[in-house]
Amino acid sequence: MPPIQELLKTINDLKKKNNLLSKGDIRTLLEATKSITEHKELVNSLIFLFNSQNHNIPKKTARLTKRELQILEQIGHGKNTKDIALLFNLKSSTIETHRKNMRKKLNLVRKGNLIQYAILNNLRISKS
C-alpha cells in the first residue's frame, strides 16, 4: 500500500477508536508521516523525543489533585482555558492557576508543554 494510503488508513482507524491515541498509534502515525514527508529529519526528531520521553505517568500524575487531573484531561482533548472554565463553572483565572501549578508539579517549562504532555500521554481519568 502506498505511504499516503497507509497514513489515511491509520487516521481512519483512529477515528473509529474515538480519537483516543495509544503510544503505538502515535508511533505508527509518526512513522507513516516520515515515509511521505520531505522533512524526514524533523519527523525523526519527533520520534526520538517521543521515544525518549519519561513514560512514568502514574508517578508524575500522582502529585496532581483530582481537579488538576480533570483539567489536564480536558487539555488533552484540545479544550482551551475558557472552555474548561465554563465546563467546571470556574473563572478562567482559576484554570490558569491550575495550569501553572500542574506545570510546576510536572516540571514542564512552557505553556505548550502541558498540552503536549496531556496529548502524548493520552491522559484520561475515571469518571467515578
Side-chain angles (χ1 to χ4, degrees):
M1 176 181 308
I4 190 70
Q5 287 181 331
E6 183 69 32
L7 183 58
L8 292 173
K9 179 186 176 309
T10 302
I11 291 169
N12 285 328
D13 290 345
L14 293 174
K15 284 182 181 178
K16 291 176 188 172
K17 291 170 67 175
N18 198 21
N19 296 328
L20 298 176
L21 300 179
S22 70
K23 290 176 182 70
D25 292 333
I26 294 170
R27 283 188 192 98
T28 301
L29 280 174
L30 288 171
E31 290 295 336
T33 301
K34 185 171 81 171
S35 67
I36 62 169
T37 185
E38 296 175 3
H39 308 286
K40 292 185 187 336
E41 289 181 26
L42 174 62
V43 178
N44 278 332
S45 295
L46 290 172
I47 292 169
F48 173 78
L49 287 172
F50 177 76
N51 288 333
S52 64
Q53 181 185 15
N54 181 359
H55 295 289
N56 194 2
I57 305 310
K59 183 178 177 185
K60 283 187 170 188
T61 56
R63 301 178 204 150
L64 302 179
T65 66
K66 183 176 179 180
R67 178 62 82 193
E68 287 170 343
L69 286 169
Q70 291 170 332
I71 292 169
L72 192 57
E73 179 182 19
Q74 296 306 312
I75 291 168
H77 289 300
K79 295 201 175 153
N80 62 30
T81 297
K82 184 179 177 183
D83 293 337
I84 297 169
L86 288 171
L87 179 68
F88 293 117
N89 197 26
L90 298 170
K91 293 182 180 182
S92 291
S93 61
T94 303
I95 302 302
E96 283 299 329
T97 299
H98 281 301
R99 285 175 172 261
K100 184 179 95 176
N101 292 338
M102 286 186 281
R103 283 193 304 274
K104 275 186 189 176
K105 291 177 182 179
L106 298 172
N107 297 319
L108 302 173
V109 179
R110 296 186 309 249
K111 287 185 178 185
N113 290 8
L114 192 58
I115 297 166
Q116 292 170 351
Y117 183 89
I119 292 170
L120 285 176
N121 294 299
N122 196 20
L123 289 172
R124 293 176 28 198
I125 60 171
S126 65
K127 300 295 181 195
S128 57

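Just so it is clear, the values below take in all heavy atoms, side chains as well, and ignore hydrogens, waters and symmetry mates. Predicted model only: the values in this text are computed from it and were never measured.
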Taking atom OG1 of T97 and atom CE of M102, what is their separation to the nearest 0.5 Å? 10.0 Å

Measure the spacing between CZ of R99 and OG of S93 and express it to the nearest 0.5 Å. 13.0 Å

For T65, give me all partners under side-chain contact (heavy atoms from CB on, under 4.5 Å), at least two apart in sequence or on another chain. R67, E68, K105

So which atom in [X] and which in [Y] form the shortest heavy-atom distance, rounded to 0.1 Å?
| X | Y | value |
| --- | --- | --- |
| I95 | L90 | CD1-CD1, 3.9 Å |
| S92 | K82 | OG-CA, 4.0 Å |
| K91 | A85 | C-CB, 3.9 Å |
| V43 | T37 | CG2-CG2, 3.7 Å |
| N107 | R63 | ND2-NH1, 4.2 Å |

Please walk me through it: do N80 and D83 pass side chain to side chain contact (heavy atoms under 4.5 Å, CB included)? CA-CA 5 Å; N80 62 30; D83 293 337; 3.2 Å; yes

Over 12 foreign heavy atoms within 6.0 Å of NZ, K100: no

As a quick check of understanding, evaluate side chain to side chain contact (heavy atoms under 4.5 Å, CB included) for N113 and R103, giving each step before the final call. CA-CA 8 Å; N113 290 8; R103 283 193 304 274; 5.8 Å; no

When you measure from the side chain of K40 to the backbone N and O of K34, does any donor-acceptor pair fall under 3.5 Å? yes

Apply the test side chain to side chain contact (heavy atoms under 4.5 Å, CB included) to residues Y117 and L72: give CA-CA distance (whole Å), side-chain angles for both, the deciding distance (0.1 Å), then the verdict. CA-CA 9 Å; Y117 183 89; L72 192 57; 4.1 Å; yes

Is L87 reachable from I75 through a run of I, L, V, M, F, W or Y residues, each pair having side-chain heavy atoms under 4.5 Å apart? yes

Please determine whether residues L86 and I71 belong to a single hydrophobic cluster, defined as Ile, Leu, Val, Met, Phe, Trp and Tyr linked transitively by side-chain heavy-atom distances below 4.5 Å. no

